[in-house]
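What follows is a short report on a single structure.
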Number of protein chains: 2
Amino acid sequence: MRLVIARCSVTYEGRLNAFLPIADRLLMVKADGCVAIHADGGAYKPLNWMNAPNRLEEDAKRWIVSNTKGETLTIDIEEILSDLTVELGDDPGLTKDGVEAHLQELLAAHPGEIEPDLELVRREYPTDIGPVDLLCRDTDGTAVAIEIKRRGEIDGVEQLTRYLARLELDPMLRPIRGVFVAQQIKPQARVLAESRGIGWVEVDYDALRGIESDELKLF
Amino acid sequence: MRLVIARCSVTYEGRLNAFLPIADRLLMVKADGCVAIHADGGAYKPLNWMNAPNRLEEDAKRWIVSNTKGETLTIDIEEILSDLTVELGDDPGLTKDGVEAHLQELLAAHPGEIEPDLELVRREYPTDIGPVDLLCRDTDGTAVAIEIKRRGEIDGVEQLTRYLARLELDPMLRPIRGVFVAQQIKPQARVLAESRGIGWVEVDYDALRGIESDELKLF
DNA sequence: AGGTGTATGTCGCAT
DNA sequence: ATGCGACGTACACCT
């Protein structure tokens with residue numbers, strides 16, 4: 001990794017055009033060749049950047065970074081204040097422990113928390129446009145497709161709508177209805193779901209975890 | 001801005017839990033207090049970060065960054081390889097050109113570039129699931145909803161479809177048709193639009209800007 | 001503060 | 001390569 005502090009101006013031409021007037025900034029060049037230009041604020045996103053793979057042409061006054069997609073980042077350097085290169089080596093990488101996968105597990109184990117007496121048929125029930133999170137049957141024997149999200153927004157309703165259209169073609173499942181499940185569902189998503197005859201349920205992640213741990217205590 | 005190269009391990013607890021085993025990394029602390037941990041690859045996104053506002057407690061072995069939302073980033077430092085602090089000052093900021101907002105302005109001023117004699121009724125026409133970019137009337141007096149994107153992809157057609165379904169419920173607007181406008185429209189988006197009876201138009205941003213500047217020359 | 005749409009989104013995974 | 005969904009999305013803008 002190379003870290004250069006320089007007084008520079010920058011032009012990006014690609015997906016849009018952008019220009020940075022002259023100022024002191026950090027130029028970060030990583031081992032994979034990607035370049036990022038940081039100011040002293042504004043969260044982790046750089047002012048300007050160019051992702052790998054790219055080509056870096058460098059002389060004393062100007063760096064030109066370009067890629068095969070026709071994007072170009074031009075850095076005009078007036079003065080270099082610091083120039084540090086370090087070898088970091090490969091990173092072992094990040095391990096994550098998320099909530100959303102766990103939410104699906106919990107609801108698969110307790111579909112009755114979505115609707116009383118709902119019974120699970122299968123998790124990740126396949127369709128030709130992707131798997132439905134949960135396929136269930138209600139007390140009438142009607143098929144119910146469940147889409148689970150951590151946060152319920154319009155996109156999730158669209159997704160469930162597409163699945164329902166596919167599942168409706170299966171005579172074994174028809175007629176099928178859908179329920180959109182999330183920890184919190186935005187008003188617009190509710191409106192859209194209701195306008196399509198799709199049910200929606202907000203579930204409490206902590207309460208579900210509580211049910212789970214209560215059951216564990218029985219053993 | 002402070003740039004520390006250190007052999008460290010990192011734990012994040014917040015919206016999810018994440019852990020980074022020990023390795024050499026860049027720790028970047030900006031003037032606004034935000035902290036980012038970078039490996040030597042992987043585009044501009046850091047492995048881990050904490051945005052401002054937050055609190056940084058620092059001793060020789062451990063940095064603890066926490067915010068009021070209950071998120072915590074803990075950096076255990078085994079060895080510091082480099083520690084550089086520089087004053088960059090305020091950045092004059094980025095000027096952008098070619099984003100959707102500007103395209104919408106230009107087309108609102110020149111709806112005839114979408115279709116001859118199209119007339120603007122209102123920009124950002126509200127519906128209960130969000131605003132339509134432009135609402136227009138054609139020469140027949142038929143309402144036309146316009147969705148504008150920089151790049152025309154399927155989700156833009158989906159968005160316009162949702163708006164049309166809502167607007168169709170309004171007797172003052174019914175029957176309404178839609179036109180999807182972008183600088184470039186992907187073949188799949190064209191097919192989807194056509195299959196739904198939605199028109200699509202590619203517009204030339206530079207040409208639109210040309211019209212604008214020609215008009216300015218008249219004064 | 002909360003809601004909604006945009007992004008040079010980025011990233012990963014499947015086809 | 002392209003499409004699609006998730007993201008600790010971040011971010012600006014509006015109510």
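A note on names: the letters A, B, ... follow the listed sequences, proteins ahead of strands, and every chain is numbered from 1.
The closest donor-acceptor contact from the side chain of B/D32 to the backbone of B/A52 lies at 3.5 Å or more, if one exists at all. B/T95 places a side-chain N or O within 3.5 Å of a backbone atom of A/F19 that can act as its donor or acceptor partner. Side chain of B/E202 to backbone of B/I185: a donor-acceptor contact under 3.5 angstrom is found.
Computed from coordinates, the A/N67 CG to D/dA1 P distance equals 12 Å when rounded to whole Å. One can place CD of A/E153 at 8 Å from P of C/dT4, the figure rounded to the nearest angstrom. For the pair A/E158 CD and D/dG3 P, the computed distance is 18 Å after rounding to whole Å. Counting to the nearest Å, the P atom of D/dT2 and the CG atom of B/L192 are 19 Å from each other. Between A/F180 atom CZ and D/dG5 atom C1' the separation is 13 Å, expressed in whole Å. The distance between atom CG of A/D155 and atom C1' of C/dT4, rounded to the nearest whole Å, is 12 Å. Here D/dA10 presents its P atom at 13 Å from CG of B/N54, a figure rounded to the nearest Å. Here C/dG2 presents its C1' atom at 13 Å from CZ of A/R190, a figure rounded to the nearest Å.
Residue pairs meeting the ring pair (Phe, Tyr, Trp, His ring centres under 6.0 Å) criterion with at least one partner in residues 143-177 of chain B, sequence neighbours excluded, do not occur; the list is empty.
In the model, B/Y205 has a side-chain atom that pairs as donor or acceptor with a side-chain atom of B/H102 under 3.5 Å.
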Q. How does protein reach along nucleotides 5-15 of chain C, written 5' to 3' as B (base within reach of a heavy atom under 4.0 Å), S (only sugar-phosphate), or - (no contact)?
A. SSSBSSS----

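When the P atom is used for both D/dG8 and C/dT6, the distance is 22 Å, rounded to whole Å. Look at the C1' atom in both D/dC7 and C/dA7: the space between them is 13 Å, to the nearest Å. Comparing the C1' positions of D/dC14 and C/dT8 gives a spacing of 25 Å, expressed to the nearest Å.
Residues B/R196 and B/L164 fail the side-chain proximity criterion, which asks for heavy atoms closer than 4.5 Å.
For the side-chain contact (heavy atoms from CB on, under 4.5 Å) criterion with A/R7, the lone passing option out of A/I22, A/I80, A/D76, A/I77 is A/I22.
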